[in-house]
Amino acid sequence: QQQNCNIPAKIGSSRHPPKWRPPHSLQEKAREGGVGEQIIKTFEPAAVPSEKQADARMIFRVNAQPYVLKQTHQRGSKIQKSWHKSSRNVSKQTPASVTYKPPKNHSLSHQWAKIVEPKAKARYPTETLTSDLRIKDSGKLSTDEKMQMLEKAGQAKALVLTMVYQDGTTQLGQEQKLTPPVCGLLVLMMNDLDGRTPEDSLQPNDSLVYLKLEHTPTWAQQHTHQSQELFTRDMLLQVLSCSQLVVCYKAKDFLRTALQFYKEDLKWKQVIGCNIQDPQVSAWLLDPVYTFSCYKELLCKHYKQPTSSSALDTKKVSQVISGLSSLYWLNMELCSKLQSQGLWQLYSGMEVNMIPVLAAMESHHIHVDKAALQRTSDLLGMKMKQLEQEAHQAAGQIFLVTSNTQLRTILFEKLRLHEQCEKKKLPKTINKQQQSTSEAALLQLQDFHPLPKIILEYRQVHKIKSTFVDGILSCMMSKVSPQLVSGFITAKRIPKMQNFQALPRQPLQITKKQFIQGKEEEVVTVHPRAMFIPQKGWTFLAADFCQVELRLLAHLSSDPELLRIFTNPQADVFTMLASKWKGMSDEEVSPEDREHAKRVVYSVVYGAGRERLSGILGVSADQAGQFQDRFLQTYREVPAFIQRTIQLCHKQGYVLSIMGRRRTLPNINSPDWSVRMQAERQAVNFMVQGSAADLCKMAMIRIFHIVSSTPSLSARLIAQLHDELLYEVEDSQVDRFAALVKSTMESLQHMDHLGVHLKVPLKVALSSGKSWGSMSELHVCPASPCASC
DNA sequence: GCGTATAACGCATGT
DNA sequence: CACATGCGTTAT
């Protein structure tokens, strides 16, 4: 209680908050940590804001004591600067982090590497592992032995493999925050699967081989090295091209690494053939809600505990072996569980095929217009400076614009804006009952004071700069893989790359003011998506499932009216919806009405309440309620479907998407009303969005299959944005590939082998462009001859 | 007392 | 209102 109440009270009681009071009458001596050198600067209080605008927020932490600018590395090698109280003896400390030097002329300077795996340097396990007689080190094998091993790999009944990191741990070890570089692979070839028990960790017929994943520098490519690299490559090819079972935990990471490592010899199309299974995926399929932090946890949950005493993350060889062995049995166990729960078809028909698709996607690079990026970064920085100054002026004091707490005290305790508009309700923060400084609140306040408007604009600019522009810049600068691959597959989405999905769709208008004599204003538009460009001679092609969610709702609810709307492939669906229920003709529907219709529909799908809807729509709650009722009455089957879903979920505790993906909702029968309602909304939501994700995944797989089996096609998947697939296509193939994509995606309406028959046609919109920001619609003539379809 | 890591929070973006 | 990610501040 003290902690929660103390701080605001304390700040409120003193006129100037203690920590960030402006330095009125003091000179600040501060040391600026530069690149490998130290500069002592003395700031005049008045000059502080204007002079050091580039990193304006550093200044405001200056207090009565000297504060030191410090650079720390976070998220890759992105530099974070902040002021810290300095010790009295300023000169003595020299933090190691100051000696950061940006890499010069790095080979990735013009590319944004999605995956950057630094080359392996240390050769940890060879000593340890090969001292164990059971392991064959690929470096020490004779040519004959290598041939034998290859043959063995071809004959083995099952292959179990894991990546080995430089610090000696494997993928089966403890999850690490910063995954060390990969230095090799450990492959266990199992024979004679019949009649063996999980207890036998290794049998005489089994072979264990360690493949070093390391490129020999060209100047040292002696005969032996070369042959060893070739052997590793052949082994990988064997693993990936054969039809035998391959088990690997986090198989996607493995495939990606392999592709990235042998990008000369191992073409991305080749990974399609592999029959790889991943316990992580199967476990996730069994229960998407529960997430495992590491392999060990997964093992305990789904297999058995006795191994809990032996830590898997140790570097003991015998334990690594038993880990591999347990991996195999865990996979078997999970497979049978999948089968008994009716999820096998989904697993084998879809999820397993997703692994290579994603690996191929993630091992590809996207080109970035670096010059434009830098330009934008500078521009945004200027704008931020300016806005910050305005904000300080409006507030009458210097404060940290990015800090919500400081903003809160200014808005509500110094300016007391909330007293001026008591009629309107101001939102509170969720966890603590404090005044919110969110967008909604600031919008309410902007009539009373100029500050909120400035803050809003500042936030917009700041968001774009910090997250997108600088984020990408730092990705390019650093060799460290900046957590580009996040976690694993979730119910609705497929793993993503960093911030692709959150890149603003609309360009941002910025007025750049220049104080050269008379005021000169220059309007510049910044479009973050335009930074991404295809390779030379290639074009981006985006394929978007039009209104999948609504179409799926129509299918699931079987509402006759809704179905009828979709039978007309030409008309705009939302326009028709709006005209239908507002009682006017199609031509009369304004874009505004259309937008309203869209909002209403999706709000209903998501189960939004009246108040929420009114907030989004910007109309009164009653009106919003009317809209909602009207919609529900027009399409009577929709609410019926929602009720059906909820009831079914109450009964069995889970819901199934169209392809049989399961979502368990433990809270569905909770006594707590709000918790239960939330679960019910989740159930309905999952039915629609989960099914949409299924369709999208299927589309990715099918297109990948077609492309990889057609040598003349070279289109590559770049990114997946929910309902949209982004491909990079050679200019000459655009039309052909576009037609192929469209027909493939629309053919997903009927998938006989999976028992899916949608009652609505699927519509796909195509667009293409030379940058992601400027995509224009592309119409494919259906009559055009298409060789592959 | 100083410096570093981490969790929690608040706000933003996308579909 | 569902889901997701990411950044920056603040408290511990």
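Chain letters run A, B, ... following the sequence lines, proteins first, then strands; residues in each count from 1.
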Please determine whether a side-chain nitrogen or oxygen atom of [X] lies at a distance below 4.0 Å from atom OP1 or OP2 of [N].
X	N	answer
A/R681	C/dA2	yes
A/S438	B/dG10	no
A/Q460	B/dA12	no
A/T405	C/dT9	no
A/S436	B/dG10	no
A/T429	B/dG10	yes
A/T437	B/dC11	yes
A/Q689	C/dC1	no
A/R459	B/dA12	yes

- Can you tell if the side chain of A/L726 reaches within under 4.5 Å of the side chain of A/L541, non-hydrogen atoms only?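 No, their side chains stay 4.5 Å or more apart.
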- Note on the structure: For A/S377, the side-chain hydrogen bond (donor to acceptor under 3.5 Å, both in side chains) test, sequence neighbours excluded, returns A/K465, A/D470
- Item | All stems with DNA chain B, defined as three or more consecutive Watson-Crick or G-U pairs under 3.5 Å |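 Consecutive-pair runs (3 or more) involving DNA chain B: B:5-15 with C:2-12.
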- Touch class at under 4.0 angstrom, heavy-atom based, for A/E724 against every strand present: nothing
- Task: Give A/E549 one of three labels, base, sugar-phosphate or nothing, depending on what nucleic acid heavy atoms sit under 4.0 Å from its own.
- Result: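 Nothing: the residue A/E549, judged by heavy atoms under 4.0 Å, touches no strand.
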Measure from the side-chain heavy atoms of [X] and tell me the nearest of [options].
X	options	result
A/N404	B/dC11, B/dG14, C/dA2	B/dC11
A/N685	C/dT9, B/dT15, C/dA2	C/dA2
A/H462	C/dG8, B/dG14, C/dT9	C/dG8
A/R408	B/dT15, B/dC11, C/dT9	B/dC11
A/L400	C/dT9, B/dA12, B/dT15	C/dT9
A/Q682	B/dG14, C/dA2, C/dG8	C/dA2
A/D723	C/dT9, B/dT15, C/dA2	B/dT15

- Message: Please tell me whether A/S674 and A/D672 have a donor and an acceptor in their side chains that are separated by less than 3.5 angstrom.
- Response: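 Looking only at side-chain atoms, A/D672 and A/S674 do form a donor-acceptor pair, the distance falling under 3.5 Å.
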NZ/NE/NH1/NH2 to OD/OE distance under 4.0 Å, [X] and [Y]:
X	Y	result
A/D694	A/K697	no
A/R408	A/E413	no
A/R505	A/E724	yes

- Could you give the CG-to-P distance, from A/L407 to B/dA12, as a whole number of Å? 10 Å
- Item | Ring-face cation of A/R594 near A/F574 (centre distance under 6.0 Å, axis angle within 45°) | no
- Message: For A/E680, give me all partners under salt bridge (charged side-chain N to carboxylate O under 4.0 Å, His left out), at least two apart in sequence or on another chain.
- Response: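 A/E680 satisfies salt bridge (charged side-chain N to carboxylate O under 4.0 Å, His left out) with no residue once adjacent residues are dropped.
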